[in-house]
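Lettering follows sequence order; numbering is per chain, from 1. Values reported hereafter were calculated over all heavy atoms of this structure, with side chains retained and with hydrogens, waters and symmetry mates removed.
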2 protein chains.
Amino acid sequence: MIKMSVYYPADGGSKFDHDYYRTRHMPLIQERLGDACLRYEIDKGLLGREPGSAPAFVAACHIYSPTLETFQEAFFPHSPEIRADVANYTDIVPIVQISEIVEG
Amino acid sequence: MIKMSVYYPADGGSKFDHDYYRTRHMPLIQERLGDACLRYEIDKGLLGREPGSAPAFVAACHIYSPTLETFQEAFFPHSPEIRADVANYTDIVPIVQISEIVEG
């Protein structure tokens, strides 16, 4: 199984609308991906390593998919629409990464 | 539910032993945390946003716990032992973050 993770660095911009992200953006992705999205997870950053410290990322999402090929085939046709929606909730340029889940 | 995530930046060091991480380090943490670790997930970085691009993080782990307090009470007493084991698999200084899981 693989996952695509999108990280929003806390020092990368000035706004992040968690409600829009949770109720509009991520459901849009799930609808467009269909079965290629097994599930997704949304993180809201709380703190860093030390108590009271700021988190590195204000938010992140992780989209789980059976294989890299399955994900890419399902995602790429909708990438322009999905990217166009980003300005509705943030001005942060995210870090995007695809990982293999080796245990979990 | 919360999770503690540990990210190992690809440009942060020269080595990362994925086998040791999966078979020794993470099982050590699970054993020490007991019920405070509901489950954990290990990521191995594959690629970045564009096909063929390098991932930002060579590896990451995510430890899921019922609450922040539960996690901190269970983790802190073992933190010295866990940190001391890090040199056995990497020289990368990780990014540590605790997040609330708002959906997933």
Student: Which pair of non-hydrogen atoms, one from Val93(B) and one from Pro9(B), has the smallest distance, and what is that distance?
Tutor: O-CD, 3.7 Å
Student: Between Ile82(A) and Leu33(A), is there a shared hydrophobic cluster once you connect ILVMFWY residues whose side-chain heavy atoms come closer than 4.5 Å?
Tutor: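 Per the 4.5 Å side-chain linkage, Ile82(A) and Leu33(A) are co-clustered.
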Student: Heavy-atom pairs under 4.5 Å with chain A - which of Ile2(B), Ile101(B), Leu47(B) has more of them than the others?
Tutor: Leu47(B)
Student: Can Phe16(A) be reached from Ile29(A) by stepping across I, L, V, M, F, W or Y side chains whose heavy atoms are under 4.5 Å apart?
Tutor: yes
Student: Could you list all the salt bridge (Lys or Arg N to Asp or Glu O under 4.0 Å) pairs where at least one residue sits in residues 56-68 of chain A, not counting sequence neighbours?
Tutor: none
Student: Taking every heavy-atom pair that is under 4.5 Å apart, which of Ala60(B), Gly48(B), Gly45(B), Ala54(B) has the most such pairs with chain A?
Tutor: Gly45(B)
Student: Measure Ile98(B) against the heavy atoms of chain A and call it side chain, backbone, both or neither at under 4.5 Å.
Tutor: both
Student: Is any side-chain heavy atom of Cys37(A) less than 4.5 Å from a side-chain heavy atom of Ile63(A)?
Tutor: yes
Student: Tell me, out of Leu68(B), Val96(B), Val6(B), Ile95(B), who's got the most heavy-atom pairs with chain A below 4.5 Å.
Tutor: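 Heavy-atom pairs under 4.5 Å are most numerous for Val96(B).
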Student: Checking Phe76(A) against chain B: side chain, backbone, both or neither under 4.5 Å from a heavy atom?
Tutor: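 Contact with chain B: side chain only.
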Student: Could you show, one pair per line, the donor-acceptor contacts under 3.5 Å between chain A and chain B?
Tutor:
unit_1, atom_1, unit_2, atom_2, d
Lys3(A), NZ, Glu41(B), OE2, 2.6
Lys3(A), NZ, Asp43(B), OD1, 3.0
Lys3(A), NZ, Asp43(B), OD2, 3.1
Lys3(A), NZ, His62(B), NE2, 3.4
Tyr40(A), OH, Glu103(B), OE2, 3.4
Glu41(A), OE1, Tyr64(B), OH, 3.3
Glu41(A), OE2, Lys3(B), NZ, 2.6
Glu41(A), OE2, Tyr64(B), OH, 2.8
Ile42(A), N, Glu103(B), O, 2.6
Ile42(A), O, Val102(B), N, 3.0
Asp43(A), OD1, Lys3(B), NZ, 3.0
Asp43(A), OD2, Lys3(B), NZ, 3.1
Lys44(A), N, Glu100(B), O, 2.8
Lys44(A), O, Glu100(B), N, 2.8
Leu46(A), N, Ile98(B), O, 2.8
Leu47(A), N, Ile98(B), O, 3.2
Leu47(A), O, Ile98(B), N, 2.8
Ala56(A), N, Gln97(B), OE1, 3.1
Phe57(A), N, Gln97(B), OE1, 2.9
Phe57(A), O, Gln97(B), NE2, 2.7
His62(A), NE2, Lys3(B), NZ, 3.4
Tyr64(A), OH, Glu41(B), OE1, 3.3
Tyr64(A), OH, Glu41(B), OE2, 2.8
Gln97(A), OE1, Ala56(B), N, 3.1
Gln97(A), OE1, Phe57(B), N, 2.9
Gln97(A), NE2, Phe57(B), O, 2.7
Ile98(A), N, Leu47(B), O, 2.8
Ile98(A), O, Leu46(B), N, 2.8
Ile98(A), O, Leu47(B), N, 3.2
Glu100(A), N, Lys44(B), O, 2.8
Glu100(A), O, Lys44(B), N, 2.8
Val102(A), N, Ile42(B), O, 3.0
Glu103(A), O, Ile42(B), N, 2.6

Student: Does Ile92(A) share a hydrophobic cluster with Met26(A), counting links as ILVMFWY side-chain heavy atoms below 4.5 Å and allowing steps through other members?
Tutor: yes
Student: Ignoring hydrogens, what is the shortest heavy-atom contact between Pro55(B) and Ala10(B)? Give both atom names and the distance.
Tutor: O-CB, 3.4 Å
Student: Identify whether Phe57(B) and Val102(A) are in the same connected component of the hydrophobic contact network (ILVMFWY, side-chain heavy atoms under 4.5 Å).
Tutor: no
